[in-house]
Amino acid sequence: MPELPEVETVRRGLEPVLKGQVLTHVEQRRPDLRIPFPTGFVGLVEGRRVTQLRRKAKYLLFDLDDGQVLICHLGMSGRMTVLPCGSNQPPERHDHVVFTTEDGGAVVFNDHRRFGLMTLTTRDDEATHPLLVNLAPDPLEPVFDAAHLSERLKGKRTPIKAALLDQRVLSGVGNIYASEALNRSRISPRRLAQSVAGARAARLAPAIVDVLNEAIAAGGSSLRDHRQASGELGYFQHSFRVYDQEGEPCPTPDCHGIIRRIVQANRSTFFCGRCQR
DNA sequence: ACGAGAACCTGTTTGC
DNA sequence: TGCAAACAGGTTCTCG
């Protein structure tokens with residue numbers, strides 16, 4: 001899936017197409033994704049105007065003009081594709097939802113693995129919604145800094161890599177940017193989370209912020225599934241220091257280590273055992 | 001209560 | 001060549 005930079009890239013691509021537009025037609029092509037669509041989903045959304053497109057962690061939130069909020073998560077393989085006005089493309093395999101707007105544009109949600117989801121809440125209930133209530137702030141929110149991060153890691157005996165993937169500790173970071181931020185801050189992914197404090201936290205927090213901002217500026221990373229809403233590819237994958245770079249030299253100046261791949265919590269981790277301690 | 005591992009689902013790549 | 005296993009950007013449940 002898209003991590004925070006990819007979701008933010010999608011949000012920015014959808015905004016000019018959807019913001020201010022009435023959703024004149026909504027086509028829901030299967031009853032469920034990771035979770036069932038809400039009962040009466042199409043009827044609740046059709047005819048509503050989209051007033052804002054927001055992102056919370058890796059969730060896209062569409063504000064509707066009647067106080068509803070459409071919650072969307074892209075899972076591992078979800079894509080949002082903007083179709084040009086007037087195009088009458090037949091649905092493709094794994095196109096699950098098609099939104100058509102009053103000006104004739106269309107947005108397609110496609111997700112072949114179906115780890116994504118779409119559901120509804122309201123502005124009033126959003127803060128307590130089960131999918132959103134336990135999300136920690138993301139690293140681009142103003143409260144995020146080294147002190148905030150070490151507070152969140154306090155007492156955690158899981159490896160720091162796993163802690164960075166825990167959306168209750170900090171949100172928005174996924175498997176790629178966790179490895180990247182740890183290499184930039186020269187911290188071993190195997191180090192216990194609680195030991196990342198002080199000088200280490202002071203390196204890690206800005207490394208996370210920087211890698212996310214750089215990835216957003218590049219339009220995200222395009223590996224297998226991710227596309228911008230426009231269909232264009234992001235290009236941050238060309239800037240990976242360690243992710244998917246097993247056997248390559250570590251980019252840390254004067255390090256000369258070799259990038260290794262290990263498995264933690266069933267996920268690949270890429271790191272340099274020489275400079276990352 | 002916490003942490004590790006499996007499960008969810010489909011598609012593509014890798015290895016024998 | 002062909003088939004099976006491994007792997008893929010996430011989240012959530014179960015088990016110890």
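Since we're looking at a predicted model, the values are computed, not measured. Here is how names work: the chains are called A, B, and so on, in the same order as the sequence lines, proteins then strands, and each is numbered from 1.
Rounded to a whole Å, the CD atom of A/Gln264 is 13 Å from the P atom of C/dA8. Rounded to an integer number of Å, the gap from A/Asp166 CG to C/dG10 P is 13 Å. Between the NE2 atom of A/His112 and the P atom of C/dC7 there is a distance of 18 Å, given to the nearest Å. For the pair A/Gln194 CD and B/dG3 P, the interatomic distance rounds to 9 Å; values are reported in whole Å. The NE2 atom of A/His73 sits 14 Å away from the C1' atom of B/dC8 (whole-angstrom rounding). Here C/dG10 presents its C1' atom at 14 Å from CG of A/Leu33, a figure rounded to the nearest Å. In this structure, A/Lys58 atom NZ and C/dT11 atom P are separated by 4 Å, rounded to whole Å. We find that CD of A/Gln167 is positioned 16 Å from P of B/dG3, with the value rounded to whole Å.
Between A/Lys154 and A/Glu151 there is a salt bridge, since a side-chain N of the basic residue sits under 4.0 Å from a carboxylate O of the acidic one.
Side-chain atoms of A/Tyr177 and A/Glu6 form a donor-acceptor pair, as typed in the model, at a separation below 3.5 Å. Side chains of A/Gln276 and A/Asn183: a donor on one and an acceptor on the other come within 3.5 Å. Looking at A/Asp111 and A/Ser77, their side chains do bring a donor and an acceptor atom within 3.5 Å of each other.
Nearest to the side chain of A/Tyr59, among C/dT12, C/dG10, B/dA4, sits C/dT12. If you check C/dA8, C/dG10, B/dG3 against the side chain of A/Thr158, the one that comes closest is B/dG3. Checked against C/dG10, B/dA4, B/dG11, the side chain of A/Pro159 finds its nearest nucleotide in B/dA4.
Of the residues near DNA chain C, A/Val263 and A/Arg267, the one whose nearest nucleotide (by heavy atom distance) lies more toward the 5' end is A/Val263.
Residue-level contact check: A/Arg261 touches the backbone only, with heavy atoms under 4.0 Å from sugar-phosphate atoms and none from bases. Using a 4.0 Å heavy-atom criterion, one finds that A/Leu131 contacts the sugar-phosphate atoms exclusively.
In this structure, A/Ser268 reaches the C/dA8 phosphate: one of its side-chain N or O atoms is under 4.0 Å from OP1 or OP2. The shortest distance between the side-chain N/O atoms of A/Arg34 and the OP1/OP2 oxygens of B/dC9 is not below 4.0 Å.
Comparing the C1' positions of B/dA6 and C/dA6 gives a spacing of 16 Å, expressed to the nearest Å. With P as the reference atom, C/dC3 and B/dC9 are 25 Å apart, rounded to whole Å. For the P atom pair drawn from C/dT11 and B/dT12, the interatomic distance equals 23 Å after rounding to whole Å.
A side-chain hydrogen bond (donor to acceptor under 3.5 Å, both in side chains) with A/Asp138 is found for one member of A/Lys58, A/Lys56, A/Arg55 and no other, namely A/Arg55. With A/Thr269 as reference, A/Gln264 is the one residue of A/Gln264, A/Arg260, A/Arg190 to meet the side-chain hydrogen bond (donor to acceptor under 3.5 Å, both in side chains) rule.
Using cut-offs of 30° and 60° for the angle between ring planes, the A/Phe37 and A/Phe41 rings count as tilted.
Judged by ring centres under 5.5 Å apart and planes tilted less than 30 degrees, A/Phe115 fails to stack against the six-membered base ring of B/dC9.
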Notebook entry, point to check: Given pairs defined as Watson-Crick or G-U wobble with both distances under 3.5 Å, what dot-bracket annotation applies to DNA chain B, with ( ) intrastrand, [ ] crossing, | other strand and . unpaired?
Noted result: .|||||||.|||||||
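Counting distance only, with no hydrogens placed and no angle test, the side-chain atoms of A/Arg114 and the base atoms of B/dC9 include no donor-acceptor pair under 3.5 Å. Between the side chain of A/Asn266 and the base of B/dA4, no donor-acceptor pair of N or O atoms lies under 3.5 Å.
Here the CG atom belonging to A/Leu61 is positioned 5.5 Å from the CD atom belonging to A/Glu126, to the nearest 0.5 angstrom.
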